[in-house]
There are 2 protein chains.
Amino acid sequence: MAKLNRSLIADVEIFNGLQDEDLDTVLEPASALRVAKDAAVFEQGGAAERFFLLLDGALRVVQTTREGQQVIARYIAAGSLVGIAPAIGRDTYPASAVAAVDCVLLSWPMSAWPDLTARFPVFAANAYRTVGQRLQETQDRVIELSLAQVEQRVANAVLRLVRQTGRKTEDGIEIDFPVSRQDIADMTGTTLHTVSRLLSAWESQGMVRSGRKRISVTDPHRLMLVSQGAKDA
Amino acid sequence: MAKLNRSLIADVEIFNGLQDEDLDTVLEPASALRVAKDAAVFEQGGAAERFFLLLDGALRVVQTTREGQQVIARYIAAGSLVGIAPAIGRDTYPASAVAAVDCVLLSWPMSAWPDLTARFPVFAANAYRTVGQRLQETQDRVIELSLAQVEQRVANAVLRLVRQTGRKTEDGIEIDFPVSRQDIADMTGTTLHTVSRLLSAWESQGMVRSGRKRISVTDPHRLMLVSQGAKDA
DNA sequence: CGGGGCGTTGACCTATGTCAAGACCTGTGG
DNA sequence: CCACAGGTCTTGACATAGGTCAACGCCCCG
């Protein structure tokens, strides 16, 4: 396991500052897994038995209410820890994680957590920083939902995705996993209809190009102005 | 310092499981402070030099955008840690904390953090759990803002405040610090006008009683139904 | 080749924000 | 002790962003 994965995880930010031998120790209790597109890595409410590091692919973290309404909490890009319930004293996952594309992950049993954090403070610090960042991001989203118009929120969501996973194509920068209008709606607290209308409008103004589960941004700068509430011209 | 505060903090949840002598060690680097109503404990963006434990009173945690718009991130009740930036790897406060009433706090220099967490895992665990809870609450708020109507959000906000700090009076259960309509609006992403209309309506239906910066709930159960989107009768 | 998932667009409706005017407290200074 | 000023709350009238409902077109995959 260890030797095999060294190269894959060499540049994972969370392991920065670990020596090779330490890395081996960290990886010893880990196992690799692949998760097919649309399959769940873990489910909301399920017993938190393992925590994960996303090596490749992208995950959608989704929360569902009793009434079955969905909100997309965030997308996770390669290199991030996921399902780190124990870091925050939970024994159950607060959300579900679904593969947006085929993914490769490492996973550790929760039982490895105390040992890992105790022996590798740098790992612990990274994990807690991750939680902190998520708190910050979530808080930012509250502000956005409280104060910004739908158009700005949608523009922002698209820009975030592009920033996280943008890939250059002839059409501009494309979000490199499938995203539906409904997905964007679930990220911004609106409806697929409104998202559709906005994307159409932006497309006719030459800021984006989009199709079935595909969005590329051709004029990030102008879209950014929209996200900041420019009355437009 | 230590002896003096023992009784005050004896039942603070975050210190559960600490022996008396450990408690003394924890308190040694701490100092107490009082903060008058409406004064700030720390300011958004300021260097995070100390972290705090609220012993008595209530704090309002506020985030302000560049454009000067405000959102109330949360209220902190006595017994909670505040300003624990280092727990999440920040060196600057992400929000401001303002005393909602006269408050008493303990504070430690950030430099005490590594030592405290290293020596008292139970303290560390408590701190991280606090962060986790806040992440969870913030996430819940995102869901609420995304899916619920204003009426439900306001009902929920009022109920949360009542649950956190409710005090029985002849009018029902009263939020025991001053809250204006604007405050409620800032907690729910709406306007003081809408909040005022809602409170008036509820009052005429006998669910609440309210006045200048004062709200009491007389029929929590019915208000709960409202918060869950009952069409009402 | 057919069906289900996804997207587009129009028509309409309504929850809630905006604007405006005033009433009502409360604490402060004369 | 009174009166005034500033902050707070209320209420009406009105405007509109964006949700809801409905119908249809378009892929893509099996």
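When reading the values below, keep in mind they use all heavy atoms of this one structure, side chains included, and skip hydrogens, waters and symmetry mates. These numbers come from a predicted model, not from an experiment. Chain letters run A, B, ... following the sequence lines, proteins first, then strands; residues in each count from 1.
If you measure from atom CZ of B/Arg181 to atom P of D/dG7, you get 18 Å, rounded to the nearest angstrom. The CZ-C1' distance, from B/Arg214 to D/dG7, rounds to 17 Å in whole Å. Between B/Lys37 atom NZ and C/dG27 atom C1' there is a gap of 12 Å when expressed in whole angstrom units. Rounding to whole angstrom units, NZ of residue A/Lys213 and C1' of C/dG7 are separated by 12 Å. One atom, CG of B/Leu198, and another, P of D/dC9, lie 14 Å apart when rounded to the nearest Å. Counting to the nearest Å, the C1' atom of D/dG19 and the CG atom of A/Leu192 are 11 Å from each other. Residue A/His193 contributes atom NE2, which lies 14 Å from atom C1' of C/dC12 at whole-angstrom precision. Straight-line distance from the CG atom of B/Leu199 to the C1' atom of C/dT16: 16 Å, rounded to whole Å.
B/Ser31 and B/Arg50 share a side-chain donor-acceptor pair at under 3.5 Å.
Distances were taken from every side-chain heavy atom of B/Arg197 (C-beta onward) to each of D/dG12, C/dC25, D/dT20; the shortest belongs to D/dG12. Comparing C/dT8, D/dG19, D/dA17 against the side chain of A/Thr190 picks out D/dG19 as the nearest. With distances taken from any side-chain atom of B/Arg212 to the nucleotides D/dT8, C/dG17, D/dT20, the minimum falls on D/dT8.
Across A/Gln228, A/Glu151, A/Glu144, a single residue satisfies side-chain hydrogen bond (donor to acceptor under 3.5 Å, both in side chains) together with A/Asn156, and that is A/Glu144.
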Report task. Mind running salt bridge (charged side-chain N to carboxylate O under 4.0 Å, His left out) on B/Asp102 and B/Arg34 for me, showing each step along the way? Result -> CA-CA 7 Å; B/Asp102 291 346; B/Arg34 347 188 105 263; over 6 Å; no
Report task. Would you sort out whether B/Leu199 and B/Glu203 count as a side chain to side chain contact (heavy atoms under 4.5 Å, CB included), showing the intermediate values? Result -> CA-CA 6 Å; B/Leu199 286 174; B/Glu203 184 143 8; 5.8 Å; no
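Taking 4.0 angstrom as the limit, B/Ser180 places none of its side-chain polar atoms (N or O) nearer than this to OP1 or OP2 of D/dT8. Within the 4.0 Å cut-off from OP1 or OP2 of C/dT9, at least one side-chain nitrogen or oxygen of A/Ser200 is found. Using a 4.0 Å cut-off, some side-chain N or O of A/Ser196 falls inside it from OP1 or OP2 of C/dT8.
Between A/Arg214 and A/Asp171, at least one side-chain nitrogen of the basic residue sits less than 4.0 Å from a carboxylate oxygen of the acidic one, meeting the salt-bridge criterion.
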